[in-house]
Amino acid sequence: MFAIQPTTLYPKPPVTHLCGCVAPSIHSGKDVWTRHNNIHINGRRRHQFNDASGVTTTSGYWDRNVDMDELLSSLAGTSNEAELHAVMSLYSGRQLSQRFMTSLLSREPDWRRSLAILDWMHAVASYRPSVFAYNVVLRNVLRARQWVLAAGLVDEMRSSSPPVAPDRFTYSTLISHLGKSGRLDEALSWLQKMEKDGVSGDLVLYSTLIDLSRKLRDYSKAISLFSRLRRSGIRPDLVAYNSMIHVFGKARLFSEARSLIQEMLDSGGDVRPDAVSYSTLLGMYAEDGRYVDALSLFNDMMSSTSGGDDQPPPHLDLTAFNIMIDVYGHLGMAREADRLFWSIQRRTGARPGVVAYNTMLRVYGEAGLYGEAIHLFRLMERTDGVQRNVVTYNTMISIYGKTLEHEKATAVLREMQRHGVRPDAVSYSTIISIWGKAGKIDRVAKLFQKLRTSGDPAAADPVLYRTMISTYERVGLVGHAKRLLRELVEEGRLLDDDAAAAAASDDNSGVPKETAVAILAEAGRVEEATALFRRAVNMGEVKDVSVFRTMISLHSRHGRHANAVEVFEKMREAGYFPDTNTIGVALNAYGKIRAFDRAESVYREMQDEGCMFPDRIHFQMLGLLGAKRDFEGVEALLERLEGDPSIDRKELGMVAAGVYERANRLDDASRILRQMCQGGNTMTPSAESTWARSQSSSSSSS
DNA sequence: TTAGGGTTAG
């Protein structure tokens with residue numbers, strides 16, 4: 001369906017159409033292609049050339065040499081497909097080699113132009129584009145978020161005869177881009193196609209999927225994938241390890257995370273923890289408030305100064321120091337932070353960057369060392385040549401907030417604008433909260449109104465709204481706060497009716513429905529959030545998976561299980577892939593409304609789509625089958641799960657026994673427990689089941 | 001020549 005048909009997709013205009021504007025220059029032996037020497041082939045004199053990367057090429061395939069940079073800039077000057085093809089057709093008589101074309105492709109970042117070059121290779125020069133050529137175009141198309149076109153490209157590769165077999169780069173590129181934009185289900189369906197094509201999932205692909213699950217905050221799936229990777233006999237490399245350190249940290253499995261570093265150290269040398277390994281773990285400790293653990297890890301890092309010289313060890317780098325300045329700050333050890341900051345260059349060999357300055361600034365501010373903060377703020381740009389950014393200014397605004405100098409805070413806001421740094425939602429919410437505390441409510445209202453009418457994207461920020469609402473509430477203007485929420489709903493409605501007009505006039509003042517839903521949900525306005533959410537879904541305006549997630553957990557928290565199920569099914573219809581936590585909440589909701597069959601089909605379908613569940617989802621399904629009193633189903637699932645080596649048998653036995661106990665079938669329960677004892681299971685709990693326990697103890701569901 | 005990992009501000 002998406003076969004590239006240049007003649008129909010991009011009709012070529014007459015060349016005269018372009019006269020004088022995009023004529024390519026033809027050089028002989030200049031720039032990219034430098035003349036090397038003369039040789040004879042079949043009795044005819046040819047030139048040999050070295051291209052920029054030193055590859056030797058024989059001429060004669062071109063009647064004259066074409067300067068690739070010139071050609072690229074001619075292409076860059078075109079504005080539509082027709083012009084592109086016209087430029088390319090000027091070269092059509094020139095028999096540019098396949099390699100020249102491929103090289104041209106790899107340097108063209110624009111998706112339309114790279115697609116046109118691919119077409120041109122196909123149709124005009126009759127070259128069969130290589131997998132590499134396709135991969136480069138695919139990358140560009142994906143960067144432009146042209147999902148349908150991307151899928152079409154890969155389908156074309158697979159279906160052309162003979163097929164241009166997509167390789168692991170093709171699939172990794174496709175899957176990682178799809179996943180990054182939250183299209184995990186599409187990503188996983190391509191994973192299945194890949195397996196069908198006999199392209200084996202390799203290390204990079206697994207680590208792409210792991211990191212993707214992490215970005216979607218689905219840590220249990222990432223852990224599942226990691227154990228699947230290990231089961232298939234692939235040894236993780238440094239990047240995969242580091243990704244998993246991040247995942248374990250996010251899942252609050254710190255001993256697992258730390259043991260990965262130990263595993264690398266014990267592995268015999270081929271994979272050694274690097275600066276990223278350590279600073280990932282440091283960062284995870286810091287994020288969870290485990291500052292003492294961070295400190296002890298940092299001491300380990302400092303003491304393992306791997307021998308000799310005055311060279312700093314490679315795992316002590318600027319990022320680690322940045323994190324530790326932050327950690328010292330949180331521990332109230334501003335002096336130590338200060339010492340660390342000023343020792344960065346000596347101990348890491350790197351000059352402190354803007355992040356180090358920003359962090360130090362905040363630490364000074366929190367310690368009440370305002371003089372030092374102001375001094376550093378001046379010093380960084382004037383003396384040390386480190387450009388202030390929006391975080392720098394926001395930190396400084398907040399420091400003046402702490403000193404209750406709202407005029408100075410306002411002055412910093414103006415200063416940043418003068419210096420061409422655009423205030424963002426953080427800047428505004430900081431200044432609003434400062435003005436609010438100073439009683440300058442009229443100023444607050446005026447600024448907020450201005451933001452909303454000017455169409456500043458910062459106006460659509462949920463935290464900014466929350467700040468506004470709590471500012472109004474704090475000074476007793478509860479009516480104003482309520483009005484804000486009401487306007488949010490109404491604005492959502494306005495966007496419905498005037499969507500076309502707003503798009504045309506490019507005036508998108510107002511809050512996207514997604515944001516409005518999130519704000520309403522956060523404010524606990526269940527009815528309004530639900531109504532607005534329904535409209536947003538019907539208009540296809542919900543683009544962010546997290547809104548579905550928010551709504552599902554909102555309903556679940558309020559015991560509205562039918563609504564939770566409704567949202568969950570809409571999410572599936574819209575093609576989004578729920579994370580495993582959401583699946584858990586949904587299965588629970590299905591159980592509450594006794595829709596066991598629907599739960600079962602969700603469970604089955606998601607696995608068919610290639611979803612890896614963590615143990616607790618399987619256990620939940622066992623529980624549902626038990627509640628349905630489908631004991632044949634329980635036994636069948638039990639048998640299947642027993643065959644899965646990644647599932648902890650002991651825990652499975654306990655869960656199954658519990659299911660029978662609750663159904664008052666004590667004979668079956670004791671049978672299971674007996675079988676378990678006979679099995680003599682000595683298995684230690686896996687990371688997955690540890691995670692499952694930590695989740696079930698903190699979750700309110702079931 | 002094409003795919004994967006770490007830090008700061010409300």
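Both backbone and side-chain heavy atoms feed into the values below; hydrogens, waters and symmetry mates do not.
- Nearest nucleotide to the A:A425 side chain, out of B:dG10, B:dG4, B:dA3: B:dG10.
- In this entry the distance linking CD1 of A:I325 with P of B:dT8 reads 12 Å, nearest Å.
- Residue contacts for A:L281: at a heavy-atom cut-off of 4.0 Å it reaches no nucleic acid atom on any strand shown.
- Nucleotide B:dT7 holds its C1' atom 14 Å from the CG atom of A:L297, rounded to whole Å.
- By the 30° and 60° cut-offs, the orientation of the rings of A:Y291 relative to A:H330 is parallel.
- Counting atom types as modelled, A:T430 pairs no side-chain N or O with a base atom of B:dG10 as donor and acceptor under 3.5 Å.
- In this structure, A:E287 places its CD atom 12 Å from C1' of B:dG6, rounding to the nearest Å.
- Of all nucleotides listed (B:dG4, B:dT8, B:dA3), B:dT8 comes nearest to the side chain of A:T359.
- Across the protein-nucleic acid pair, A:N135 atom CG and B:dT2 atom P stand 11 Å apart, rounded to whole Å.
- Residue A:R168 is in base contact, counting any heavy-atom pair closer than 4.0 Å across all strands shown.
- One finds no side-chain N or O of A:K215 lying less than 4.0 angstrom from the OP1 or OP2 phosphate oxygen of B:dG4.
- You'll find that the side chain of A:R143 is closest to B:dA3, out of B:dG4, B:dA3, B:dG10.
- Relative to the ring axis of A:F377, A:R388 places its NZ or CZ within 45° and under 6.0 Å from the centre.
- Between A:F341 and A:Y357, the distance separating the two ring centers is shorter than 6.0 angstrom.
- A donor and an acceptor atom never sit less than 3.5 Å apart when one is taken from the side chain of A:T280 and the other from the base of B:dG6.
- In the set B:dT2, B:dT8, B:dG6, B:dG6 carries the atom at the smallest distance from any side-chain atom of A:T319.
- In terms of polar N and O atoms assigned as donor or acceptor, the side chain of A:T208 never comes within less than 3.5 Å of the base of B:dG4 in a complementary pairing.
- In the set B:dT8, B:dG4, B:dG10, B:dT8 carries the atom at the smallest distance from any side-chain atom of A:N358.
- Distance from the side chain of A:D202 is smallest to B:dA3 among B:dG6, B:dG4, B:dA3.
- Look at A:R290 and A:D288 and you find a salt bridge, because one of the NZ, NE, NH1 or NH2 atoms lies within 4.0 Å of a carboxylate O, short of that distance.
- Which of B:dT1, B:dA3, B:dT8 sits closest to the side chain of A:F132 comes down to B:dT1.
- Checked against B:dG6, B:dA9, B:dT7, the side chain of A:I323 finds its nearest nucleotide in B:dT7.
- Distances were taken from every side-chain heavy atom of A:R214 (C-beta onward) to each of B:dA3, B:dA9, B:dG6; the shortest belongs to B:dG6.
- If you check every strand for non-hydrogen atoms under 4.0 Å, A:A240 touches a base.
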Subject >> ring-ring contact (aromatic ring centres under 6.0 Å, His included) between A:Y465 and A:F448, worked out >> reply: CA-CA 9 Å; A:Y465 264 86; A:F448 190 64; 5.3 Å; yes
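- For B:dG6, its base never sits under 3.5 Å from the side chain of A:N322 at any donor and acceptor pair.
- Between A:I245 atom CD1 and B:dG6 atom C1' there is a gap of 10 Å when expressed in whole angstrom units.
- Here B:dT2 presents its P atom at 14 Å from NE2 of A:H177, a figure rounded to the nearest Å.
- The CG-P distance, from A:L238 to B:dG6, rounds to 12 Å in whole Å.
- Using a 4.0 Å heavy-atom cutoff across all strands shown, A:S398 reaches no nucleic acid atom at all.
- The side chain of A:V391 lies closest to B:dT8 when the candidates are B:dT8, B:dA3, B:dG6.
- At least one side-chain nitrogen or oxygen of A:R362 sits closer than 4.0 Å to the OP1 or OP2 atom of B:dA9.
- Identified under the salt bridge (Lys or Arg N to Asp or Glu O under 4.0 Å) test for residues 394-408 of chain A, with sequence neighbours left out: A:E405-A:K408, A:E407-A:R443.
- With respect to the salt-bridge test (charged N to carboxylate O, under 4.0 angstrom), the residues A:R217 and A:D579 do not qualify.
- Residue A:D167 is classed as having no contact, given no heavy-atom separation below 4.0 Å to the nucleic acid.
- Rounding to whole angstrom units, CG of residue A:D274 and P of B:dT7 are separated by 14 Å.
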